[in-house]
Amino acid sequence: MQVFYQCQRCGNCCRWPGQVTLKESDLDRLAEYLNMPVLEFTKRYTDLHPSRQCLILKNKVTHECVFLDGKNHCVVNQVKPHQCSGFPNTWNFLGWRDMCESIPVEAIKKA
């Protein structure tokens with residue numbers, strides 16, 4: 001059985017050092033939500049991944065996501081990137097439970 005976790009919007013994952021990889025659909029959705037052309041969004045909010053194979057969201061100097069506003073408010077929560085919306089259910093990392101406030105809400109049987 002796999003446990004499904006419900007996000008509590010604590011914002012801790014938004015402050016964890018790392019990279020948020022963006023899909024093309026993320027770029028389109030985020031730019032539209034922020035009412036700007038994709039090229040402008042790309043220049044303003046993304047960096048080239050060190051592998052040079054994709055774009056990533058910029059981080060603030062403090063390692064926080066560029067879209068984290070205040071303690072735990074994600075400015076783009078309604079259209080957040082695929083990687084962000086999947087955490088911690090579709091992916092996570094060693095030690096994530098020590099910092100994430102999500103709560104288990106149901107067990108899902110794996111087929």
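This is a predicted model, so every value here is computed, not measured.
- Distance NE2/His82 to OG1/Thr21: 11.5 Å, rounded to 0.5 Å.
- Atom-to-atom distance recorded for Arg9:CZ and Asn12:CG is 13.0 Å, nearest 0.5 angstrom.
- Counting heavy atoms from C-beta on, the side chains of Thr46 and Leu27 come closer than 4.5 Å.
- With values rounded to the nearest 0.5 angstrom, Thr42 atom OG1 is found 10.0 Å from Leu30 atom CG.
- With hydrogens and angles disregarded, no donor-acceptor distance shorter than 3.5 Å links the side chain of Gln6 to the backbone of Phe4.
- Under a hydrophobic clustering in which Ile, Leu, Val, Met, Phe, Trp and Tyr are joined whenever their side-chain heavy atoms come within less than 4.5 Å, directly or via other members, Val20 and Leu34 fall into the same cluster.
- With a 4.5 Å cut-off on side-chain heavy atoms, Phe67 and Asn77 do not count as touching.
- Under the side chain to side chain donor-acceptor pair (under 3.5 Å) criterion, the residue pairs touching residues 29-41 are Asp26-Arg29, Tyr33-Gln78, with sequence neighbours excluded.
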Distance-only donor-acceptor pairs under 3.5 Å for side chains of residues 86-104, two or more places apart:
from  : atom 1 : to     : atom 2 : distance (Å)
Asn89 : OD1    : Tyr5   : N      : 2.7
Asn89 : ND2    : Tyr5   : O      : 2.8
Thr90 : OG1    : Gly86  : O      : 3.1
Trp91 : NE1    : Gln83  : O      : 2.7
Asn92 : ND2    : Pro88  : O      : 3.1
Arg97 : NH1    : Ser102 : O      : 3.2
Arg97 : NH1    : Ser102 : OG     : 3.3

Give the table of side-chain donor-acceptor pairs shorter than 3.5 Å for residues 54-66, with sequence neighbours excluded, one pair per line with atom names and distance.
from  : atom 1 : to    : atom 2 : distance (Å)
Asn59 : ND2    : Gly18 : O      : 2.9
Lys60 : NZ     : Leu68 : O      : 2.5

